[in-house]
Amino acid sequence: MSMENYILNFILPVLTISMLLIFIRVFKGPSLMDRVVALDLLVIVGIGAFSAYAVLYNKQVVIDISLILALIAFLSTVAFTYYYVKGDHEKDKFDMN
Amino acid sequence: MNSVILRTATRVLLPILLLFSVFILIRGHQEPGGGFVGGLVASMAFALYTIANGIGHARQIFPLSPTVFLISGLSLALLSGLVGLFLGAPAFTGIWGSYEFPGIGPLSTPLFFDIGVYLVVFGTATSFIFTLKLKE
Amino acid sequence: MNAILIAPIVFPLILGLITLSLWQNRKMQELANTIGSFIYLVIGFLLMKSVLEEGILVTQAGNWAAPFGISIVADTFSAIMVMITSVMAFAIALYSISSMRRSNVICDMVNKREQFGYYPLLNMMYMGINGAFLTGDLFNMYVWFEVMLISSFILLSLDGSKLQLEGTFKYVTINLISSAFFLMGVGLLYGLTGTLNMADLAVKIHEVENQAMVTVVAMFFIICFGIKAAVFPLFFWLPSSYHTPPISIAAIFAGMLTKVGVYSLIRVFTLIFITDIGFTHTIILWISGFTMFVGVLGAASQYDMRRILSFHIISQIGYMILGLALYTPLAIAGAVFYIMHHIIVKANLFLVAGLVKRLGGSFDVRNVGGLVNSYPFLAVMFLVPALSLAGIPPLSGFWSKFFVVKAGLELQEYFIVFVALLVGLLTLYSMMKIWNEAFWKPDPGKCTSEKLIPGLFSKKNIFMSIPIILLAIITLTIGFYPEPFYQIADRAANELMNPSIYINKVLGGVQ
Amino acid sequence: MAIYFVLFFLTIGAVFILIASIGLLKMPDIYLRMSASTIAGTFGVASMLVAVAIHFYDFGIFLHIAGVIIFLILTVPVGAHMLGRSSHIIGLPMWHKTVRDDMKDKYDHENHTFKTFKKEGELKNDTKEA
Amino acid sequence: MLNMIIIGFLAAIAAPFIHKALPKFAGWLLTLVPLGIFIYLLPMISPISNGEVLLLSYKWFPSLDINLNFVVDGLSLTFALIVSGIGAIIVFYASGYLHGHKKEGRFYGYLLFFMTSMLGVVLSDNILALFVFWELTSISSYLLIGFNHETERSRYAALQALLVTGGGGLAMMAGLILMGVVGGSFNISELLNQAPAIVGHSLYLPILILILLGAFTKSAQFPFHFWLPNAMEAPTPVSAYLHSATMVKAGVFLLARLNPVLSGTDVYHITLTVFGGITMLMGAAMAIGQNDLKRILAYTTVSALGIMVFLIGLGGKYAVTAAITFLVVHSLYKGGLFLVAGAIDHETGTRDIRKLGGLKAFLPLIFLGAILAAFSYSGIPPFLGFVAKELIYEATSHFHVHPVILTVAAVLTNMFLVATAIMVGVKPFFGKYIQTPKHPHHAPVTLWLGPVLLGVLGLVLGAMPSLISKGLVLPSVAAVAQAEGVKLALWHGLTPLLLLSLLTLAGGVAFYYLSFAVKKNMAFFDKLALVGPEEWYKLLLKGLVKFSARQTAFFQDGYLRHYFYWILAVFIGLIVFTLFYKDLFGLIRVDFTGIYFHEALLVIIMLLAAYSAIRAKTVLSSVAALGVVGYGVALIFAFFSAPDLALTQFSIETLTVILLVLIAYNVPRFSKISSRRNTSRDAIISIAAGLTVTVLVLLVLNMPSESKISTFFLENSYVAAHGRNVVNVILVDFRGLDTMGEITVLSLAAIGVYTLLKFRSSRKKVNVEKLK
Amino acid sequence: MESLLAILIGGLFASAIYMILRRSIIKLIIGLSLLAHACNLLIFTIGTVVRGKAPLIEEGNKYVTETVADPLPQALILTAIVIGFAVTAFTIVLIEQVYQSVGVDDTDKLTASDK
Amino acid sequence: MRNLLINVFLAFIWLALTMKFDLSNFLFGFVVGFVVLWFVHRKNKDEKRYITFLPRLFSFLWMFFREVIKGSVKIGYDIVTPKHYMNPGIIAVPLDCKTDLEITTLANTITLTPGTTSMAVSEDRAYIYVYNVYLDKDVQKSIDEIKNGLEKKILEVLR
Ligand code: NA
Ligand code: NA
């Protein structure tokens, strides 16, 4: 089994299965924080996938994408938590089904 | 957001990210990146800083109105587009300097155009942030 | 030549930037905008002049040869549109001066508008409009559409009243869907032909192995431009929104924006999608009939002047589209002529409506009355565009209708001609309804402020009156002296009917 | 030889990411989910990046990757911290088997800060066995 | 000739200002305009009577062969003289009638505007120029009928007249264009030569019908006659001028003018005769039932117009001569009688003949004008009316088919007319004086001069018919019938026709007395009116408004999603229809080979996310699912060689989601507001739309273009544009203009967001201040 | 792969349409965003869909040496994404304003401008 | 800190001198630079700290690395097995760190270590609240673990 095949048939599937699981959490919530954690993780998985891609196609350019992805994930987390705390918490109770 | 951890982290991150954004901008012509992403990164850095340190602090290190960035960005892009026109070529003709600056390469109208894009994106995103912050 | 071609796009942007940097200084903004609008007017005329003298003008942005870069092309049709836009811009610039100074009548918040970017937005909208007119690239047209749209979104919502927000909301959402269709159409077309340059598309479209697919893709453009042009049954955004903004904005919208859609329809359906005319243009024909009819009927039950006028836009769009559908030189010339006439007349009617509101106190014709006695000159200024819209000879509207009807009769499309004529009659009915109510009927006394309001030529209203007179004079000129205007329209039509002229000019270097 | 290292680190990373994802789904409260997800952000991604570094074995790329890792080290914990902090401020419920909460009722809504911890007095009150 | 027209219009525009400057003399002064034109036209009689035809051509719109070509022949000159001559009298009359009226100046303006337009109609040789003037007469008529626009009835009548004549006009326009297209010219003088071609053309019938629609509506022929009596809301001078003497005859004029082109077929003659016959009988009969002076005159005008159409329909030299003569007579006496009616109204304050009597003593000169007109009207020798009536009977009795029926109809009509002549011209002046709202004084010269002049003219011309016979009537007949006319003569000897005339008079007197009985049973007529054409008009208008309201409520119902339904219906409908029509479904190829597991899974996740965005019960979960879709798109970009796109998509998606959450935070939960029926319908629609798009993509993928312009970018990106990231080079160089637009949009969005929020907040502040 | 993407595009399009047809204002904007994704993917799919062949010229080369992805659709999509973002941002804020003025998340309550 | 920069600078000079820009050469250059610095500063009391800085840094990193792996495996095991071994809780850990940088570094290190998360710093900066998934029966033991472990190492590196 070549490295390409290994990545294509093991690494990437594992990562996408992770995405599926994360997605379930994104959808289930129940609170906004849960979704934020999940989306955050989703971006992390994205970075992982990009790393695998960099190896797979021998393209280094994806690395910098990772950096921006990390920045994005961080920004969204901070923004969400910021507004979440600022906002009216009572409303979130509706969200806790 | 009164968290010393966040505050400290963003203060450390801001210069790094701004530098990184310029890096993204400059190398955009050769590798993935460019003015748009660069501008976004810069504004994200700024957004982080604003959220963590409050709009007052942010205003202190960023005294210009975002509109100034919009106007200067658009003007720069437009001017670099019109340079060709003044030289008798069609508008938006790329003009390249001969001297190769280290790390940047030759100065060129597409580069300035991209810088214009960077400024506009930065101005727009910052304007969003400030407006939404003001809204509270 | 390069400069004059790009100027209608670049200059409004420059003006927009200047006014934007004068954000808080109303006086300076007004001054800059008025002077700028005049320069813009000159640019519009210069472009027209160059095109008339030199034929189709082309410049390749970025100096990249034709199908690769973005071509900017001014044929007679584009030049006409650009010129009229500049005329409208000038009229609106003047009208804005006093319509905004007098804040208490039109809207409490109106005098704050400049502070919220009224002039920059207006100018950048012109940039988008002109871009759409001048571009020779389909995707670039999408970009200009968006420039135009987003400025119009903001302008539409500028006062932020509830009704306005609601109107804007509908306008925005429907237009976003239209943009999506545009984008999909461009994508599919690129897949089929591998190019975006419209001239190149016109060539490559014949090389598509399955021509039927071209026809399918053409439907996307009928839909997306149809929405922008407000044809049946895609017009709903227009009557929902056009009556909500301040009148100077409503006027420029009513005059210009739908015409951009019509322009684009005419452009692509005379240049690119002409491989299956029997199918595509028949569909357009049906659309035009329904558009005319449904639009005019929409107006019949309305009482708000702006609503009546809005519905009439739709019906008049039908005529223009009819010209395209008939697809003969006369018909296309008729459509072009119709556009010229309609922009001027419809914008003027909105401006007059603004004066009626100011002087009579309401947009609702039931609440206004007796204006023919209190403001006889205003009455004349209403009658000119109103009768013109109704197609009363020899005003401009008559000729427009005449060309289209004649073309229809020559093609033996009797039914559509019947619809067109019937709609003409109903238009007359609507216009006279406004006249009967607002001008003839005794003042119902519902708006008591009348005594306090100075006349048409008072210092406070003079800048509102001047553009109205200006536009009325244009209408009368077109009406009484149609020959040169027809010559130009005919020239435009000839170019449109013979796309090879356009194609050769644009692709000149390549082929 | 290097290829095996690459594969090894990739595998480690992918597996830990998968585990973190499962944890995210399985854990009973937000704090635990967060804790589970951190392992992906640190261990998982880091090992994958190491794999990339080994694969290219190039100084420029090494610098890039070091940059990414440093950046992650700077941001991931801050993000997690913010998540935890906010969740607690809002009062998102903790798992019923949570044994202790020293932060309870420490939040000062006016200054958006947490009051200091008083060891003796409050320790007993706050200690509660589930 | 053009100068004349231009002067007329200029005078019309100047009139209000002249009146403002010289309120006392404006009327006198403006009378000079029509009078001048009349005098200018008079000398042309002699060349015309020698058979000459003057053609003058002014270029106007040569590209479309629409030019101001004027023709002066018998027909146009006769009409032009009537228009300008009576015009002069009317303007003069109006200066007294409307003396001191607030809108007197405007009135002159309208009147002169009309007169000039009418001159344009009768003098035009170009049918389109004619149409232009024709419509102008409609508009001026509208303005004049609505002159007393404060009353609802005036406005109603004005609009009615405009819509009826305007509608007919539009039909006529189509007819004229068709005729021009068929005949190859818009000039009547050229079309005359094409007559056989036009008559023989398959479009002849539509042309005829369309033109007749124009003529019939303008000339108030059955069933379009109803607008004319209503038009009597106009001031009396207007009624005298437009609605009896001139404008309403435009239709007759047009028929006469186009007679050489269109006549000769059975359908032409039968249609004109039948409709003309019905109109003349009906108009005359209805006139009997009226009590209002002006309404009586209005219905008799309808009848008279019917007679003229009837005569043109009969054709032949007798009929046409009769028509032309009757036209002149009618203009003289009807104009006079209207002026009389106006004077009576002006002096007494009423027009109800039941309330009028014995005015002879108070208004002697008016009486003179009235009785002269009435004699001419009744066809009593030696008045011109007698000459005309004789000619009519001559024409009917000599007609080759059904002479008896035609003659009986003509006689009957004339009997009614005689009766009305007595009602209008005799009844108010004789008998006992009845108290009227105003006590009649001696009428000023402005009021009596006109009627007397017209009455005397009727007498003089009747006594010496040769005065107009050679100069006007015969050339007119030549123009209309392309044949030698009948010379006018007062005395034909003791013929059976004279007997008919006597019978007519006797019958007229009898009908006059019978009329009182008829009027007592008006209820019957009122009921009849309920099924008449005016009711159709009302129903049509009401129906229009109702239908419009319904239609608008149906289409423009305010529900955004219904608008989307329409758009989608068009989208799916058009595309699917085209796909079927062009039989493209067979070309779909689906190929699922070469897909990696993770790619498929990613697609599945995205679809699941999209689905859960739909099914989500809370806003946040929906937004989060949307975020997943967006990240998925970015991953696809990244997987398939678009790193720049992936970067952008990731950042943009995050920003969008952040924005959405900030905004949507106020909305706690989606309420379940759509019914199950709606949701399933929408589901079907959306799936259909989705399938359509999928099919399209598959189809396009199966027929990719051979060459793409991108090769150029790949080859030149580095060499010519010094950039290795081709996408970026395209963005900033190859297609920099796109990016220019793009950043403009961005800036605008920033301004927009600022504006929206800022305006809103300042508005809120205002509200708060108001509350305080 | 293109076929799969075609199905994805259709699915996204269908979801977008379904969301747009809902009465909720918020769902409408979510629908519009989905629509934008569908459009971008459509253009992307119609360009060349290849793995690991970004349209970048290798350092030291003057041209691309192998078949790479079509750069033009990518540039178009990039422009479209940015424009879409700008418009969406404005729309989101607009929708918030509309929502605040109506108070209910229901487009059926927005009929005043048509009455 | 200054010396670290100087060391890196020296490494770069080494790269420039050898004209061989790769990772191993950089590391080699770094070592050479370190040796040079050691040689220069071995008598200077203040500067000498740098010489021990690296060992301390590595010691900290090693400990951190160990903790990360330990925590990851622990939680990973917990996740993949059906039974829960978790005993979570929030504890207040008294702080010796004083400056922003110290506190932030400690907090981030705590968070980066799987199983623990710094939730907040108290107003007076006397305590850091830490969420611990595997709290010891004796809470003090968990507190000490942080205080004697990470905090000590960090302060050693930073002071
Ligand atoms: Na476990
Ligand atoms: Na942790």
Side-chain angles (χ1 to χ4, degrees), chain D residues 15-16 19-20 22-24 26-29 31-32 34-36 38-39 41-44 46 53 57-63 73-74 76-81 83-85 87-89 94-95 97-104 106-108 111 113-119 122-123 126-127, chain G residues 15 20-27 64-65 68-69 71-80 82 84 86-94 104-105 107-137 139 142-143:
Chain D
V15 166
F16 270 91
I19 289 172
I22 297 170
L24 182 76
K26 217 175 131 187
M27 289 297 195
D29 73 9
Y31 309 96
L32 289 165
M34 211 173 63
S35 305
T38 323
I39 58 172
T42 52
F43 197 64
Y57 200 69
D58 175 270
F59 182 51
I61 293 178
F62 177 81
L63 277 184
I73 285 176
L74 275 170
V76 169
V78 179
H81 154 74
L83 281 167
R85 185 178 186 271
S87 304
H88 198 275
I89 291 173
M94 297 179 105
W95 184 37
K97 285 186 187 164
T98 308
V99 292
R100 185 185 171 95
D101 185 0
D102 284 355
M103 265 163 87
K104 198 171 185 213
K106 290 284 186 298
Y107 188 60
D108 177 355
N111 299 325
T113 49
F114 283 88
K115 283 176 238 157
T116 191
F117 181 69
K118 301 237 169 39
K119 214 169 191 174
E122 291 187 25
L123 196 66
D126 282 9
T127 312
Chain G
L15 284 183
K20 197 167 156 259
F21 297 91
D22 64 20
L23 180 57
S24 52
N25 199 32
F26 177 80
L27 291 176
F64 173 58
F65 185 64
V68 168
I69 296 191
S72 298
V73 172
K74 203 171 171 188
I75 294 193
Y77 180 75
D78 209 339
I79 290 169
V80 294
H84 285 313
M86 302 169 310
N87 186 37
I90 297 173
I91 48 173
V93 180
T104 306
T105 315
N108 283 2
T109 328
I110 290 172
T111 312
L112 276 169
T113 314
T116 50
T117 308
S118 17
M119 300 285 278
V121 178
S122 74
E123 207 173 2
D124 55 0
R125 295 175 172 225
Y127 287 93
I128 184 165
Y129 295 101
V130 176
Y131 180 82
N132 196 332
V133 181
Y134 300 100
L135 212 56
D136 207 283
K137 277 273 181 316
V139 175
S142 294
I143 294 174

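By convention in this document, chain letters (A, B, ...) are assigned in the order of the sequence lines, proteins followed by strands, and residues within each chain are numbered from 1. Note that these values count all heavy atoms, side chains included, but never hydrogens, waters or copies made by symmetry.
In this structure, chain G has heavy atoms under 4.5 Å from both the backbone and the side chain of D:Y31. Heavy atoms of D:L63 lying under 4.5 Å from chain G are absent altogether.
Applying the ring-ring contact (aromatic ring centres under 6.0 Å, His included) test to D:Y107 and every residue at least two apart in sequence or in another chain returns D:H109, D:F114.
In this structure, the side chains of G:V133 and D:S35 come closer than 4.5 Å at one or more pairs of heavy atoms. Proximity of D:H88 to G:I90: side-chain heavy atoms (C-beta onward) are separated by under 4.5 Å at one or more points. By the 4.5 Å heavy-atom criterion applied to side chains, D:K106 and G:Y129 are counted as neighbours. Side-chain atoms of G:I79 and D:M27, non-hydrogen and from C-beta on, do get closer than 4.5 Å to each other. Side-chain contact check for D:L32 versus G:P88: some heavy-atom pair is nearer than 4.5 Å. You'll find the side chain of G:N108 stays beyond 4.5 Å of the side chain of D:I73, heavy atoms only.
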*Kindly indicate, with the supporting measurements, whether the criterion side chain to side chain contact (heavy atoms under 4.5 Å, CB included) is fulfilled by D:H81 and G:M119.*
CA-CA 5 Å; D:H81 154 74; G:M119 300 285 278; 5.7 Å; no

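With hydrogens and angles ignored, the 3.5 Å screen pairs no side-chain donor or acceptor of D:K97 with any backbone N or O of G:M86.
In terms of heavy-atom pairs under 4.5 angstrom with chain D, the leader among G:I75, G:L135, G:D124, G:V121 is G:D124.
With values rounded to the nearest 0.5 angstrom, G:I91 atom CD1 is found 7.5 Å from D:R100 atom CZ. Taking CG of D:D102 as the reference point, atom CD1 of G:I128 lies at 13.0 Å (rounded to 0.5 Å).
Between G:Y127 and D:F117, the ring-plane angle classifies as perpendicular under the 30° and 60° cut-offs.
For the residue pair D:A80 and G:T111, the shortest heavy atom distance occurs at CB-CG2, 3.5 Å.
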